Amino acid sequence: MATVTTVANLKGGVGKSTITIHLATAAQMKGIPTTIIDIDPDQQAAAKWSDSRATARPPVLSAVYSRLPQSIAEAERGGAELIFIDTAAFEQKILNASIQVANLILIPCRPTAQDVQYLTATTDIVAAHRKPAAVVLNQVEPRLPETEQARTLINKLGLALSPMHLSKAVAYQRAIAAGLGVTEFEPAGKASQEVLNLLAWISRLLYL
């Protein structure tokens with residue numbers, strides 16, 4: 001059976017699709033058969049990215065949240081060992097369904113007071129399902145005091161925080177615009193190393 005990682009946050013604009021795409025591409029390049037399941041009915045960002053690619057790996061399945069188990073089974077029949085679920089903002093039904101099938105939930109969050117304060121809307125639902133989860137800071141600018149303030153506030157809220165983060169590097173968006181993951185677009189770059197570090201941390205958690 002495949003290991004399922006759900007990338008979720010009820011707040012929009014935090015980088016759910018960005019993190020999903022780059023982690024999935026990096027995992028596939030590392031030799032882990034990986035599939036993305038896109039259940040965001042409005043944006044379909046991962047699915048649109050897949051349409052612009054010259055390769056079919058990692059595959060992206062467009063799915064509805066009510067049939068997630070069937071979509072996971074389809075991905076497994078296709079050989080997937082790792083599945084990333086890209087979720088929607090402001091949709092509790094979608095969030096609940098994606099948490100139920102997950103082995104791990106990643107919660108992207110920008111280092112702003114507004115984003116951090118909104119976290120509990122998501123983490124309360126995750127806690128109710130008793131699933132392991134971690135906040136992943138995204139679009140980080142290390143030298144800004146807001147970054148350390150965000151970390152402090154997350155710790156005060158008692159939330160698990162990934163030791164790895166993603167920066168505000170422009171390579172993330174340039175890669176997606178080119179139909180690539182950042183590890184394909186700029187293999188030796190800073191952004192690529194950030195994604196590989198995050199993937200390595202997730203892999204240890206999931207015993208991959």
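All values reported here derive from a predicted model rather than from experimental measurement.
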Visitor: Using every non-hydrogen atom in the two residues, find where Ser162 and Val136 come nearest and quote the distance to one decimal.
Guide: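 Of all heavy-atom pairs spanning Ser162 and Val136, the closest is CB-CG2, 4.0 Å.
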Visitor: Donor-acceptor check, side chain of Glu194 to backbone of Ser167, threshold 3.5 angstrom: yes or no?
Guide: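 At least one qualifying donor-acceptor pair exists.
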Visitor: Can you see which heavy atom on Ile105 is nearest to which on Ala8, and at what distance?
Guide: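 Looking at all heavy atoms of both residues, the shortest contact is CG2-CB, 4.4 Å.
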Visitor: Output all residues satisfying side-chain contact (heavy atoms from CB on, under 4.5 Å) with Glu186, sequence neighbours left out; order by chain, then residue number.
Guide: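 Once residues adjacent in sequence are excluded, the partners of Glu186 under the side-chain contact (heavy atoms from CB on, under 4.5 Å) criterion are Ala171.
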Visitor: Does one hydrophobic cluster hold both Trp201 and Ile19, with members joined at side-chain heavy-atom distances below 4.5 Å?
Guide: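 Yes, same cluster.
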Visitor: Apply side-chain contact (heavy atoms from CB on, under 4.5 Å) to Ser98 and list each qualifying residue two or more places apart in sequence or on a separate chain.
Guide: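 Partners of Ser98 by the side-chain contact (heavy atoms from CB on, under 4.5 Å) criterion, ordered by chain and then number, come out as Thr6, Ile39, Leu68, Ile85, Thr87, Leu95.
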Visitor: Keeping Gln193 on the side-chain end and Gly189 on the backbone end, is there a donor-acceptor pair under 3.5 Å?
Guide: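 No, Gln193 side chain to Gly189 backbone: no donor-acceptor pair under 3.5 Å.
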Visitor: Would one find more than 12 heavy atoms of other residues, nucleotides or ligands at under 6.0 Å from atom CD of Glu184?
Guide: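 More than 12 within 6.0 Å, yes.
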Visitor: According to a 4.5 Å side-chain heavy-atom criterion applied to Ile, Leu, Val, Met, Phe, Trp and Tyr, with indirect links allowed, do Val64 and Val101 form part of one hydrophobic cluster?
Guide: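 No.
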Visitor: Would you find a donor on one side and an acceptor on the other, under 3.5 Å apart, between the side chain of Lys131 and the backbone of Gln100?
Guide: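 Yes; judged by distance alone, with no hydrogens or angles, the pair exists.
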Visitor: Restricting to pairs with a member in residues 138-161, which pass salt bridge (Lys or Arg N to Asp or Glu O under 4.0 Å), not counting sequence neighbours?
Guide: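 As it turns out, the salt bridge (Lys or Arg N to Asp or Glu O under 4.0 Å) pairs with a partner in residues 138-161, which skip direct neighbours, are Glu141-Lys168, Glu148-Arg151.
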Visitor: The criterion is ring-ring contact (aromatic ring centres under 6.0 Å, His included); which residues satisfy it with Tyr172, sequence neighbours excluded?
Guide: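 Checked Tyr172 against ring-ring contact (aromatic ring centres under 6.0 Å, His included); matches are His22.
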Visitor: Could you list the residues that satisfy side-chain contact (heavy atoms from CB on, under 4.5 Å) with Ser50, not counting sequence neighbours?
Guide: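 Ser50 satisfies side-chain contact (heavy atoms from CB on, under 4.5 Å) with Val60 once adjacent residues are dropped.
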Visitor: Show, in sequence, the C-alpha distance, side-chain angles and deciding distance for Arg110 and Asp115, and conclude whether the salt bridge (charged side-chain N to carboxylate O under 4.0 Å, His left out) test is met.
Guide: CA-CA 6 Å; Arg110 294 176 303 182; Asp115 282 42; 2.9 Å; yes
Visitor: So, the side chain of Asp38 versus the backbone of Ser62: is there a donor-acceptor pair under 3.5 Å, distance only?
Guide: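 Between the backbone of Ser62 and the side chain of Asp38 there is no qualifying donor-acceptor contact (under 3.5 Å).
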Visitor: Listed by chain and number, what are the side-chain contact (heavy atoms from CB on, under 4.5 Å) partners of Ala24, not counting sequence neighbours?
Guide: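 With sequence neighbours excluded, Ala24 shows a side-chain contact (heavy atoms from CB on, under 4.5 Å) to Thr34, Ile36, Pro58, Phe84, given in chain and number order.
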Visitor: Would you check if the side chain of Ser192 reaches a backbone N or O of Pro187 as a donor-acceptor pair within less than 3.5 Å?
Guide: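 Flag set: sc Ser192 to bb Pro187 pair under 3.5 Å.
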Visitor: Main chain of Ala2, side chain of Glu76: is a donor-acceptor contact present, judged purely on distance under 3.5 Å?
Guide: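 Indeed, once roles are kept as given, a pair shorter than 3.5 Å links the two residues.
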